[in-house]
Number of protein chains: 2
Amino acid sequence: MDNALDIDRVFGALADATRRDIVRRAIGGQEGVAELAGRYPMSFAAVQKHVAVLERAGLVTKQRMGRCKVVRTNSEGLSVARRLLDRYEESWRGRIDRMTELVTDTKEKDV
Amino acid sequence: MDNALDIDRVFGALADATRRDIVRRAIGGQEGVAELAGRYPMSFAAVQKHVAVLERAGLVTKQRMGRCKVVRTNSEGLSVARRLLDRYEESWRGRIDRMTELVTDTKEKDV
DNA sequence: GGCTGATACAACCGTATGGTTGTATCCATG
DNA sequence: CATGGATACAACCATACGGTTGTATCAGCC
């Protein structure tokens with residue numbers, strides 16, 4: 001279960017509005033770090049750090065493109081995240097549904 | 001768009017293995033904070049803080065039950081989180097799919 | 001009312017995080 | 001090969017976070 005760390009990284013990476021916006025913007029995979037940085041009210045280095053966080057979480061990749069590096073959202077990484085969430089929500093929801101019945105029964109019994 | 005903060009909170013709350021486990025355990029809604037705390041290798045207060053984080057994110061609720069408070073996973077909060085993720089993934093995936101075609105075309109042109 | 005179990009809260013500590021500025025490295029191009 | 005644009009990295013600062021211990025509050029029960 002060494003993916004526990006990765007789960008933390010993925011959710012952690014998504015827990016920041018700037019980073020979520022970077023993911024969205026990087027879907028096109030047309031902008032370099034500098035262009036990306038120009039869009040946010042913070043320094044180049046700060047955006048660079050955000051990109052690094054996303055990269056460690058496997059949500060984006062960087063790729064040389066001429067003289068600048070292009071940031072591109074990693075659809076595989078995203079779908080991994082997606083499957084993760086699905087799995088969680090599925091198992092949670094399954095139990096919740098059963099519990100909800102239980103609670104309803106309990107309430108009926110309660111009243 | 002005041003839910004931006006909430007999104008941060010939800011993802012942030014999920015970015016910790018202990019908290020995810022608490023959510024899972026609290027689905028039954030049968031354990032008090034103390035029982036919950038007994039399951040993790042950390043102090044009562046630490047678990048209490050984790051529960052508080054989940055509560056602020058709307059993922060669990062606390063409810064009096066006799067002399068102890070029972071922690072219960074909030075299915076509504078969870079489904080809100082779920083919808084959030086769905087929305088993100090949907091918009092992202094939609095663009096990704098289009099972009100993937102684009103990339104494929106580019107590659108064919110490239111090689 | 002007073003005891004006691006259970007929860008809440010406050011103060012503190014070490015470390016991680018998000019931001020800054022400055023410097024170094026890299027590489028396409030002239 | 002030298003220049004310059006673009007990225008990477010290091011050092012630093014403030015604040016947030018995850019954990020601890022200790023104390024206060026709250027509610028049930030005798």
Side-chain angles (χ1 to χ4, degrees), chain A residues 4-23 25-26 28-74 110, chain B residues 4-23 25-26 28-74 110:
Chain A
L5 244 173
D6 293 318
I7 303 180
D8 287 9
R9 286 220 185 96
V10 168
F11 283 119
L14 293 176
D16 180 286
T18 302
R19 284 196 289 262
R20 289 192 299 273
D21 199 67
I22 291 177
V23 169
R25 278 231 159 80
Q30 301 299 330
E31 297 187 310
V33 183
E35 284 141 293
L36 222 42
R39 305 192 177 275
Y40 304 101
M42 62 185 80
S43 72
F44 177 85
V47 174
Q48 215 174 353
K49 279 193 188 179
H50 281 305
V51 172
V53 169
L54 290 167
E55 202 175 10
R56 270 195 296 275
L59 291 173
V60 306
T61 58
K62 273 178 292 190
Q63 191 178 351
R64 267 232 106 78
M65 190 79 172
R67 74 171 53 201
C68 59
K69 278 196 176 175
V70 163
V71 181
R72 170 169 294 156
T73 296
N74 179 16
D110 248 18
Chain B
L5 244 172
D6 294 320
I7 303 180
D8 286 11
R9 285 219 187 98
V10 169
F11 282 119
L14 292 175
D16 181 286
T18 301
R19 284 196 290 261
R20 289 192 299 273
D21 199 67
I22 290 177
V23 169
R25 278 231 160 82
Q30 301 300 331
E31 297 187 309
V33 183
E35 283 140 295
L36 222 42
R39 305 194 178 273
Y40 305 100
M42 63 185 77
S43 71
F44 177 84
V47 174
Q48 215 175 356
K49 279 194 188 180
H50 281 305
V51 171
V53 169
L54 290 167
E55 202 176 9
R56 270 194 297 274
L59 291 174
V60 306
T61 58
K62 273 179 291 189
Q63 191 179 350
R64 268 232 104 79
M65 191 78 173
R67 73 171 55 200
C68 58
K69 278 195 178 175
V70 164
V71 181
R72 170 168 294 159
T73 297
N74 179 16
D110 248 19

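The figures that follow rest on heavy atoms only: side chains count, while hydrogens, waters and symmetry mates do not. The structure presented is a predicted model; accordingly, all values stated were derived computationally and were not measured. Proteins come first, then strands; the chains are lettered A, B, ... in the order of their sequence lines, and each starts at number 1.
Taking atom CZ of residue B/R64 and atom C1' of nucleotide C/dA6, one finds them 8 Å apart after rounding to whole Å. Distance NZ (A/K69) to C1' (C/dT25): 11 Å, rounded to an integer number of Å. Look at OH on A/Y40: it is 15 Å from P on C/dG18, rounded to the nearest Å. Atom CG in A/D8 sits about 15 Å away from atom C1' in C/dT17, given to the nearest Å. Between B/K49 atom NZ and C/dC12 atom P there is a gap of 13 Å when expressed in whole angstrom units. Protein atom CD of A/Q63 is 15 Å distant from nucleotide atom P of C/dC27, rounded to whole Å. Here the P atom of nucleotide C/dA6 and the CD atom of B/E35 are 8 Å apart, to the nearest Å.
Residues A/R67 and A/T18 each lie close to DNA chain C; by heavy-atom proximity, the contact nearer the 5' end of the strand is made by A/T18. The residue among A/G12 and B/A34 whose nearest nucleotide of DNA chain C is located toward the 5' end is B/A34.
You can see that DNA chain D meets the heavy atoms of chain B within a 4.0 Å-exclusive cut from D/dG18 to D/dC29, reading 5' to 3'.
Distances shown here put a side-chain N or O of A/H50 below 4.0 Å from the OP1 or OP2 atom of C/dG19.
Closest approach of B/F11 to A/L14, counting heavy atoms only: CD1-O, 3.5 Å. Counting all heavy atoms, side chain and backbone alike, B/A15 lies closest to A/G12 at CB-N, 3.4 Å. When all heavy atoms of B/E35 and B/Q30 are compared, the pair lying nearest together is OE2-O, 4.3 Å.
Among the heavy atoms of the strands, none lies under 4.0 Å from B/A52.
Note on residues 45-62 of chain B: pairs passing salt bridge (Lys or Arg N to Asp or Glu O under 4.0 Å), not counting sequence neighbours, are B/E55-B/K62.
The side chain to side chain contact (heavy atoms under 4.5 Å, CB included) with B/L54 is formed by just one residue from the set B/V60, B/T73, B/T61; it is B/V60.
At a threshold of 4.5 Å between non-hydrogen side-chain atoms, the residues A/M42 and A/T18 count as touching. Annotation: side chain of A/L59 is not in contact with side chain of A/I22 (no heavy-atom distance under 4.5 Å). Residues A/Y40 and A/R25 form a side-chain contact, since some pair of their non-hydrogen atoms from C-beta on lies under 4.5 Å apart.
Candidate nucleotides C/dA28, C/dG18, C/dT7 were compared by shortest atom distance to the side chain of B/C68, and C/dT7 ranks first.
For B/D8 and A/R20, the salt-bridge test passes: some basic side-chain N is under 4.0 Å from an acidic carboxylate O.
One end of the helix from C/dG1-D/dC30 to C/dG30-D/dC1 points its axis 20° away from the other end's axis, with each axis taken from 5 pairs and the angle rounded to 10°.
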